[in-house]
Amino acid sequence: MQPVPELPEVEVVRRGVAAHVVGRRFGAVELYGERVARRHESGPADLAARLAQREVLAAGRRGKYLWLVLDGDEALVIHLGMSGQLLVESAELPREKHAHAIFELPGEMQLRFVDQRTFGGLQLVELVADRFGDSMVPAVITHIAPDPLEDAFDQPAVVRAMRKRHTALKRALLDQSLVSGIGNIYADEALWRTPVHGERFTDRLTARIIAETLDHAAEVMREALGQGGTSFDALYVNVNGASGYFDRSLNAYGQQGRPCRRCGTLMVREAFMNRSSHSCPHCQPRPRR
DNA sequence: CGACCATCCTGACCGC
DNA sequence: TGCGGTCAGGATGGTC
């Protein structure tokens with residue numbers, strides 16, 4: 001199973017792109033279909049024309065957003081969505097069924113954006129000063145908060161902001177304007193480690209519990225990165241790079257029906273926010289109604 | 001502004 | 001074998 005890209009998976013992709021694309025110049029760029037460029041007002045043909053022959057100067061990331069800094073002070077923002085992949089491979093390989101963008105690279109190589117479910121996409125935007133630090137970020141992600149692995153991440157401020165809201169802790173963890181990079185899988189893992197139920201309200205939790213949960217989110221993402229971040233093939237950048245982590249290390253996500261690794265109680269899966277939450281009913285009791 | 005839900009999408013899977 | 005229904009979930013844009 002291919003994991004949904006959250007922070008560690010996107011960071012693996014960023015590192016792969018940094019190793020194989022930064023410092024090189026695109027040749028022709030081809031986009032397929034309208035949807036990949038739906039955030040680009042002038043459409044895919046215009047976007048492809050603007051990307052052709054641009055040099056890639058750097059690869060940045062905040063949370064689940066990835067971007068390539070191009071010459072001319074612009075950034076190509078790439079979001080992998082639910083199923084996006086970036087591949088660096090031979091131009092001779094047949095085009096993947098769901099390849100939505102192909103960038104020619106020197107040496108008969110290509111950078112390809114492949115995305116089965118097309119929740120992801122590309123945008124070309126200017127870089128602006130970051131509200132949270134002294135770097136530059138793409139103009140379309142200024143509403144995205146720093147992620148827990150960034151220097152700009154201000155944990156006490158995030159805890160205060162969460163406690164001002166009246167919302168479920170898990171909802172807050174998934175809110176990319178409060179803290180970015182956390183998706184359903186790492187949210188469940190962080191909540192299990194604390195342990196705390198994700199439906200507890202943020203304004204009724206201590207600052208310490210919220211801080212610990214954020215610490216655990218950072219910890220579990222670092223662990224995933226440690227296992228997946230060095231495994232990409234020299235000529236193949238793939239979001240599957242972190243998948244080894246999923247085979248062995250999950251304590252909560254997908255563990256329903258199995259004994260809790262801390263107390264042995266059977267783990268449960270519950271519906272939450274039109275998705276699923278996984279938790280231990282003993283270690284993470286539901287809040288009283 | 002905050003809270004929260006519907007919506008987008010494709011393939012795997014299940015029951016009949 | 002086929003077919004319809006269900007599920008997976010990140011981000012946005014809408015309502016209240």
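For the numbers below, each heavy atom of this structure counts, side chains included, while hydrogens, waters and symmetry mates do not. Please read all numbers here as calculations on a predicted model, not as lab measurements.
Atom-to-atom distance recorded for A:C260:SG and A:H282:NE2 is 8.0 Å, nearest 0.5 angstrom. The line from CG of A:L169 to CD1 of A:I210 is 6.0 Å long, rounded to the nearest 0.5 Å.
Non-hydrogen atoms lying under 4.0 Å from DNA chain C are contributed by A:R117, A:F119, all within residues 117-130 of chain A.
The side chain of A:H98 places an N or O atom within less than 4.0 Å of a non-bridging phosphate oxygen (OP1 or OP2) of B:dG11. Within the structure, a side-chain polar atom (N or O) of A:T167 is placed less than 4.0 Å from OP1 or OP2 of B:dC4. Distances shown here put a side-chain N or O of A:R171 below 4.0 Å from the OP1 or OP2 atom of B:dC5. Using a 4.0 Å cut-off, no side-chain N or O of A:Y186 falls inside it from OP1 or OP2 of C:dG10. In terms of phosphate contacts, A:H79 brings a side-chain nitrogen or oxygen within less than 4.0 Å of OP1 or OP2 of C:dA11.
Ion pairing of A:R38 with A:E34 is absent here, as no side-chain N (NZ or NE/NH1/NH2) approaches a carboxylate O to less than 4.0 Å. Using a cutoff of 4.0 Å between basic side-chain nitrogens and carboxylate oxygens, A:D175 and A:R171 are not scored as salt-bridged. Between A:R163 and A:D203 there is no salt bridge, since no side-chain nitrogen of the basic residue lies less than 4.0 Å from a carboxylate oxygen of the acidic one. No salt bridge links A:E219 with A:R222; every basic N to acidic carboxylate O contact stays at or beyond 4.0 Å.
Shown are A:E96, A:R95, A:H100; of these, the side chain to side chain contact (heavy atoms under 4.5 Å, CB included) with A:H98 is made only by A:H100.
Atom CG in A:D175 sits roughly 12 Å away from atom C1' in C:dT12 (whole-Å rounding). For the pair A:H143 NE2 and C:dG10 C1', the computed distance is 11 Å after rounding to whole Å. C:dG9 atom P lies 9 Å from atom CG of A:D188, rounded to whole Å. The separation between A:R163 atom CZ and B:dG2 atom P is 17 Å, rounded to whole Å. For the pair A:E199 CD and B:dC4 P, the interatomic distance rounds to 11 Å; values are reported in whole Å. Remark: C1' of B:dC8 and CG of A:N274 are 13 Å apart, rounded to the nearest angstrom. The distance between atom CE of A:M82 and atom P of B:dC9, rounded to the nearest whole Å, is 14 Å. A straight line from CD of A:E270 to C1' of C:dA8 spans 18 Å, rounded to a whole angstrom.
Comparing atom distances between the A:S276 side chain and each of C:dA8, C:dA11, B:dG11 picks out C:dA8 as nearest. Considering only the side chain of A:V4, C:dG10 comes nearest among B:dG11, C:dG10, C:dA8. The side chain of A:N184 sits closest to C:dG10 out of B:dA6, C:dG10, B:dA3. Which of C:dT12, C:dA11, C:dA8 sits closest to the side chain of A:R275 comes down to C:dA11. Taking only side-chain atoms of A:H166, from C-beta outward, the nucleotide of B:dA3, B:dG11, C:dG10 with the closest atom is B:dA3. The side chain of A:Q116 sits closest to B:dG11 out of B:dG11, C:dA11, C:dG10.
Both the sub-6.0 Å distance and the 45° axial angle are satisfied by A:R262 relative to the ring of A:W192.
Other residues, nucleotides and ligands contribute more than 12 heavy atoms inside 6.0 Å of the CG atom of A:D46.
At a threshold of 4.0 angstrom between heavy atoms, the contacts of A:R38 with the nucleic acid are absent. Residue A:Y65 is in sugar-phosphate contact alone, with no base atom involved, counting any heavy-atom pair closer than 4.0 Å across all strands shown. If you check every strand for non-hydrogen atoms under 4.0 Å, A:K164 touches nothing.
Residue pairs satisfying the side chain to side chain donor-acceptor pair (under 3.5 Å) criterion with at least one member in residues 126-142 of chain A, sequence neighbours excluded, are listed as follows: A:R62-A:D130.
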Original post:
Between A:E6 and A:K64, does a salt bridge (Lys or Arg N to Asp or Glu O under 4.0 Å) hold up when you go through it step by step?
Top reply: CA-CA 6 Å; A:E6 300 185 33; A:K64 305 169 196 170; 5.6 Å; no

Collect all protein-nucleotide pairs involving nucleotides 13-16 of chain C in which both atoms are nitrogen or oxygen and the distance is under 3.5 Å.
unit_1, atom_1, unit_2, atom_2, d
C:dG13, OP1, A:R39, NH1, 3.2

